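Here the structure is a predicted model, which means the values were calculated and not measured. By convention in this document, chain letters (A, B, ...) are assigned in the order of the sequence lines, proteins followed by strands, and residues within each chain are numbered from 1.
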Number of protein chains: 2
Amino acid sequence: MPHQADIRQVLWQLAFQFKANSKRAIRDYDLPLNGMHVRLLQMIARQPACTAQRIAASTGRDKAQITRVIKELEAMDLVTRSPNPEDRRSQLLALSKTGQGLMTRIQEAEDEVRKTLLRGIPKKEVDAFIATGNRMLDNLREES
Amino acid sequence: MPHQADIRQVLWQLAFQFKANSKRAIRDYDLPLNGMHVRLLQMIARQPACTAQRIAASTGRDKAQITRVIKELEAMDLVTRSPNPEDRRSQLLALSKTGQGLMTRIQEAEDEVRKTLLRGIPKKEVDAFIATGNRMLDNLREES
DNA sequence: ATTTATGGTTGATATTGTCTACTAATTGCC
DNA sequence: GGCAATTAGTAGACAATATCAACCATAAAT
């Protein structure tokens, strides 16, 4: 497969390939989860006092979709919802015991993918890549 | 929205935001197309003597999906299929007159997104980004 | 107190991705 | 030449992801 000169192609391919590899890794670990499950678990793990709204905002996804995935995660006993003392409309999300255990294994699976992705690329170059990527994100977000 | 330190987040966000912006741009131009339509049109436009197989290979997507989208494009009279003289199993894809006209407008729409994306980022930095991205792609592809 | 905005939910529907099985043609090999 | 293994494309079924609009309960604004 040839190298892509076009920024569009690079972004599409990267996202697609990365997603495909992650999916494979997760499946190899026998985790009964899809991509969204994993992503939300990660966000919940990272953010203390996380609400659905916050996830929707920081991923740019539709809140309806978030609700649905969270519901599934709760049904799998991976996530707990407790009332938010500061706002009775919303709920605080947290990983359950089981969820935390799963997270460990997810991290392992994804770390492997990341290691593959970054193989042989100097840290400095990766940092530059991330920095540029963030600038692009800023540009896109300002727009909307 | 905070900057992402994690390569995963950056890739996900970039792909998602870029897709969302492109979609909006296409819609603003009143083109009755979805993302895949656009992508395949672009590939067909770029490659002379393009076959379905080639597209499937170079995007990494399932060939069944490609078939479907192409069928839709043909139904919309945007793409023509002609027998491949070198292999009677396959067909050569090309843009129709209408398709070519549409392409011009698609390019305009996507160029705007790209301009937004790259605003204020020096060419050298963009080139480095693309180069690093391609290295990552190589890493991911070797794997599978 | 009434209006307006927000967090979350649900339903409907569109888009995208994956897997399997199948036909027809090609290729490799004997 | 004949036959097995590949390959290009198609079709069906289904899973995963995205989008949109309507809705309820609470909160915020005035």
Side-chain angles (χ1 to χ4, degrees), chain A residues 12-13 15-24 26-27 31-41 44 47 49-76 79 81-93 144, chain B residues 12-13 15-24 26-27 31-41 44 47 49-76 79 81-93 144:
Chain A
W12 271 84
Q13 286 297 317
F16 180 82
Q17 296 294 342
F18 186 71
K19 198 158 101 179
N21 278 57
S22 288
K23 209 174 282 187
R24 217 174 309 149
I26 297 290
R27 206 178 35 196
L31 307 179
L33 303 171
N34 62 35
M36 269 295 144
H37 290 146
V38 172
R39 198 129 342 271
L40 292 208
L41 283 176
I44 294 172
Q47 299 211 3
C50 178
T51 68
Q53 176 51 33
R54 193 192 273 267
I55 293 184
S58 78
T59 58
R61 257 109 191 149
D62 192 272
K63 58 183 181 168
Q65 198 188 349
I66 306 294
T67 298
R68 267 184 268 278
V69 178
I70 288 180
K71 209 165 60 172
E72 288 172 19
L73 290 174
E74 200 187 17
M76 291 190 263
V79 160
R81 284 194 278 194
S82 54
N84 181 352
E86 307 196 344
D87 186 338
R88 271 189 298 160
R89 287 171 302 181
S90 77
Q91 301 152 9
L92 298 182
L93 305 172
S144 42
Chain B
W12 269 80
Q13 287 297 317
F16 182 82
Q17 297 293 341
F18 187 71
K19 196 158 103 181
N21 278 59
S22 289
K23 209 173 281 187
R24 217 174 307 148
I26 298 290
R27 206 178 36 198
L31 307 179
L33 304 171
N34 63 34
M36 269 295 145
H37 291 145
V38 172
R39 195 135 352 272
L40 292 208
L41 283 176
I44 294 172
Q47 299 210 2
C50 179
T51 68
Q53 177 48 34
R54 195 192 271 269
I55 295 183
S58 77
T59 58
R61 258 105 190 153
D62 192 272
K63 59 183 180 169
Q65 197 186 353
I66 305 294
T67 298
R68 267 184 272 278
V69 178
I70 289 179
K71 208 165 62 172
E72 288 171 18
L73 289 174
E74 200 187 17
M76 291 189 261
V79 160
R81 284 194 278 194
S82 55
N84 181 352
E86 307 196 344
D87 186 337
R88 272 189 299 161
R89 289 171 302 179
S90 77
Q91 301 151 9
L92 298 182
L93 306 171
S144 42

query: So what does B:Gln65 touch, heavy atoms closer than 4.0 Å: a base, only the sugar-phosphate, or nothing?
result: base

field: Side chain to side chain, A:Leu41 and A:Leu33, heavy atoms closer than 4.5 Å
entry: yes

message: So B:Arg68, base contact, sugar-phosphate only, or nothing? Heavy-atom distance under 4.0 Å.
response: base

task: Taking the side chain as every heavy atom from C-beta outward, state whether A:Leu73 and A:Met76 have any atom pair closer than 4.5 Å.
output: yes

query: Of all heavy-atom pairs between A:Val79 and A:Glu74, which one has the smallest distance, and what is that distance?
result: O-CG, 3.5 Å

- prompt: Which part of the nucleic acid, if any, lies within reach of B:Asn34 when heavy atoms closer than 4.0 Å are counted: base, sugar-phosphate only, or nothing?
  reply: sugar-phosphate

message: On DNA chain D, does the nearest nucleotide to B:Lys23 precede the nearest nucleotide to A:Lys23 from the 5' side, or the other way round? Give the residue.
response: A:Lys23

statement: The correct set of residues in residues 84-93 of chain A placing a heavy atom under 4.0 Å from DNA chain D is A:Asp87, A:Arg88, A:Arg89

- prompt: To the nearest 0.5 Å, what is the distance between CD (A:Gln53) and CG (A:Asn84)?
  reply: 12.0 Å

task: Would you list the pairs meeting salt bridge (charged side-chain N to carboxylate O under 4.0 Å, His left out) in which at least one residue belongs to residues 51-73 of chain A, sequence neighbours left out?
output: none

statement: The answer to which of A:Arg81 and B:Asp62 contacts DNA chain C further toward the 5' end, by nearest nucleotide, is A:Arg81

- request: Quick one: label B:Lys19 by what it contacts on the DNA or RNA (base, sugar-phosphate, nothing), any heavy atom closer than 4.0 Å.
  value: nothing

- request: Check every strand shown and say whether A:Arg39 touches a base, only sugar-phosphate, or nothing at a heavy-atom separation below 4.0 Å.
  value: nothing

Partner residues of B:Arg27 under the salt bridge (charged side-chain N to carboxylate O under 4.0 Å, His left out) criterion, sequence neighbours left out: none

statement: Footprint ends on DNA chain C, 5' to 3', for atoms under 4.0 angstrom from a heavy atom of chain B, come out as C:dT15 to C:dT26

- request: Tell me, please, which residues at least two apart from B:Arg88 pass side chain to side chain donor-acceptor pair (under 3.5 Å).
  value: none

message: Categorize A:Ala64 for me: base, sugar-phosphate, or nothing, with a 4.0 angstrom heavy-atom threshold over every strand shown.
response: base

- line: Exactly one candidate in A:Ile44, A:Thr51, A:Asp87 meets side chain to side chain contact (heavy atoms under 4.5 Å, CB included) with A:Leu92; the answer is A:Thr51

- request: Please name the pair of heavy atoms, one in A:Ala52 and one in A:Ile66, separated by the smallest distance, quoted to 0.1 Å.
  value: O-CG2, 4.0 Å

task: Identify whether any heavy atom of B:Arg54 sits under 4.0 Å from a base atom; if not, whether one sits that close to sugar-phosphate; answer base, sugar-phosphate or nothing.
output: nothing

- request: Enter the distance from B:Leu93:CG to B:Ile70:CD1 here, rounded to the nearest 0.5 Å.
  value: 4.5 Å

Boundaries of the DNA chain D segment in contact with chain A, non-hydrogen, under 4.0 Å: D:dA16 to D:dA27

task: Quick one: pull up OG1 in B:Thr59 and CE in B:Met36 and give me the separation to the nearest 0.5 Å.
output: 6.5 Å

